[in-house]
Amino acid sequence: FGLIVNGSCGSSHGSTLTAAPSSNLCTAGTAGSVTGTGPWNWSCNGANGGTNAACSADIQTYAVSGTASPLAGGTVSCTPDPVNHGGSSSCTATANTGYSFVDFSGDCSGTSCDLTNVSATKSVTGNFSLDSYAVTETASPAAGGTVTCTPNPVDHGSDSSCTATPNTGYSFVDFGGDCSGASCDLTNVMATKSVTGNFSLDAYAITGTASPAAGGTVTCAPNPVDHG
């Protein structure tokens, strides 16, 4: 009978590696085949009735940091995270309500982000912009005056105030569309808006007088008469 040898793992056991171990597998016993793609497993087999040892090594992984800019703009998610050495990770940017995704920066650029053959930590930023909405300003009739809304466009969730200014010979009546009444303040805007300023053409009365009153009548037509 030979000497009993108990299998014992070598220094590769418990290590974090970038490739499957091929050396320092066992300090005693005979190394079995290394299996897996990370983590890796092998055995150190004893001899003459000795025990076997189960050994393993982990693969190196790298964190992918996903950041939104501005933070309120949305989220960036990368999968997988962490990613194995030599592996790939795909990042997705999701805009919050009121924001739109612009592009990636950092270790990605453009509108898509696929990290390949990763061999170091990565940092990916998703850039977002605050949505803004146009306010359509209309005068009715067009010759009646102007409608001005400030600011225009207006940022998501912000306010805009509209003013109606009549042209000579017209008077402002009221607002229509997304406003009503004599004033227009759009608040917490979350979509495009349309504001109409309604104007009326001025008219002037003509007083017809007979002198002496018993002498006859004075009639003017039309009366009142439109401006101009």
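Note that this is a predicted model, so its numbers are computed, not measured.
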Exercise for the section: Verify whether one side chain among Asp202 and Ser171 offers a donor that lies under 3.5 Å from an acceptor in the other. Expected result: yes

In terms of heavy-atom contacts, Pro151 and Asp159 come closest through CD-O, 3.3 Å

To the nearest 0.5 Å, atom CD1 of Ile59 lies from atom OG of Ser15 at 13.5 Å

ask   = If we ignore angles and hydrogens, is there a donor and acceptor under 3.5 Å between the side chains of Thr51 and Asn6?
value = yes

Heavy-atom closest pair (Val147 atom, Thr138 atom, distance to 0.1 Å) is CG2-O, 3.4 Å

Asn45 and Thr30: side chain donor to acceptor below 3.5 Å = no

| Do Ser69 and Thr125 pass the side-chain hydrogen bond (donor to acceptor under 3.5 Å, both in side chains) test, and can you show the C-alpha distance, the side-chain angles, and the key distance before you say yes or no? | CA-CA 7 Å; Ser69 178; Thr125 299; over 6 Å; no

* Polar side chain donor-acceptor pair, Ser43 to Asn52, under 3.5 angstrom -> no

Q. Any chance the SGs on Cys179 and Cys184 are under 2.5 Å from each other?
A. yes

Between Val34 and Pro21 the two heavy atoms that sit nearest each other are CG2-O, 3.7 Å

**Asked** Which word best sums up how the rings of His156 and Tyr133 line up, parallel for under 30°, tilted for 30 to 60°, or perpendicular for over 60°?
**Response** tilted

Take the SG atom of Cys55, take the SG atom of Cys9, and say whether they are under 2.5 Å apart. yes

Tightest non-hydrogen contact, residues Gly38 and Asn84, listed as O-ND2, 4.2 Å

Interatomic distance, CG@Asn117 vs NE2@His85, rounded to 0.5 Å, equals 7.0 Å

Interatomic distance, CG@Asp226 vs CG@Leu201, rounded to 0.5 Å, equals 4.5 Å

Rounded to the nearest 0.5 Å, the CD atom of Glu137 sits from the CG atom of Asn152 at a distance of 5.0 Å

For Thr116 and Ser88 the tightest heavy-atom approach is CA-OG, 3.7 Å

- No-hydrogen, no-angle side-chain donor-acceptor test under 3.5 Å, Asp185 and Ser161: yes

Step by step, work out the side-chain contact (heavy atoms from CB on, under 4.5 Å) result for Val195 and Phe175. CA-CA 7 Å; Val195 174; Phe175 285 104; 3.7 Å; yes

Can we say the SG-SG distance for Cys91 and Cys113 is below 2.5 Å? no

Note to self: Between Tyr170 and His227, is the side-chain hydrogen bond (donor to acceptor under 3.5 Å, both in side chains) condition met? List the steps.
What the structure shows: CA-CA 8 Å; Tyr170 286 84; His227 178 89; over 6 Å; no

Separation between CG (Asp155) and OG (Ser132), nearest 0.5 Å, reads 6.0 Å

* Indicate, with yes or no, if Leu130 and Phe128 share a hydrophobic cluster defined by side-chain heavy-atom contacts under 4.5 Å among Ile, Leu, Val, Met, Phe, Trp and Tyr. => yes

What one should report as the nearest heavy-atom pair of Gly7 and Ala53 is O-CB, 3.4 Å

- State plainly whether one hydrophobic cluster holds both Phe172 and Leu186, where clusters connect Ile, Leu, Val, Met, Phe, Trp and Tyr through side-chain heavy atoms under 4.5 angstrom apart. yes

Under-2.5 Å SG separation for cysteines Cys162, Cys149: yes

Report task. Quick one: do Asp103 and Ser109 satisfy side-chain hydrogen bond (donor to acceptor under 3.5 Å, both in side chains)? Show the steps, please. Result -> CA-CA 7 Å; Asp103 59 13; Ser109 62; over 6 Å; no

With hydrophobic residues grouped by side-chain heavy-atom distances under 4.5 Å, do Val83 and Trp40 end up in a single group?
no

Should Ser123 and Asp107 be marked as a side-chain hydrogen bond (donor to acceptor under 3.5 Å, both in side chains) after you check the CA-CA gap, both sets of side-chain angles, and the distance that decides it? CA-CA 6 Å; Ser123 178; Asp107 287 310; 5.3 Å; no

Could you go step by step and tell me if Thr148 and Thr165 meet the side-chain contact (heavy atoms from CB on, under 4.5 Å) rule? CA-CA 8 Å; Thr148 304; Thr165 304; 5.9 Å; no

_Main-chain N/O of Ala72 paired with Asn96 side-chain donor or acceptor, under 3.5 Å_ = yes

Rounding to 0.5 Å, atoms NE2 (His13) and CG (Leu25) come to a distance of 12.0 Å

Check your understanding: Same hydrophobic cluster for Phe104 and Val102, using side-chain heavy-atom links shorter than 4.5 Å among ILVMFWY?
Key -> no

*asked:* I'd like to know if the side chain of Ser89 pairs up with that of Asp81 as donor and acceptor (distance under 3.5 Å, no hydrogens or angles considered).
replied: no

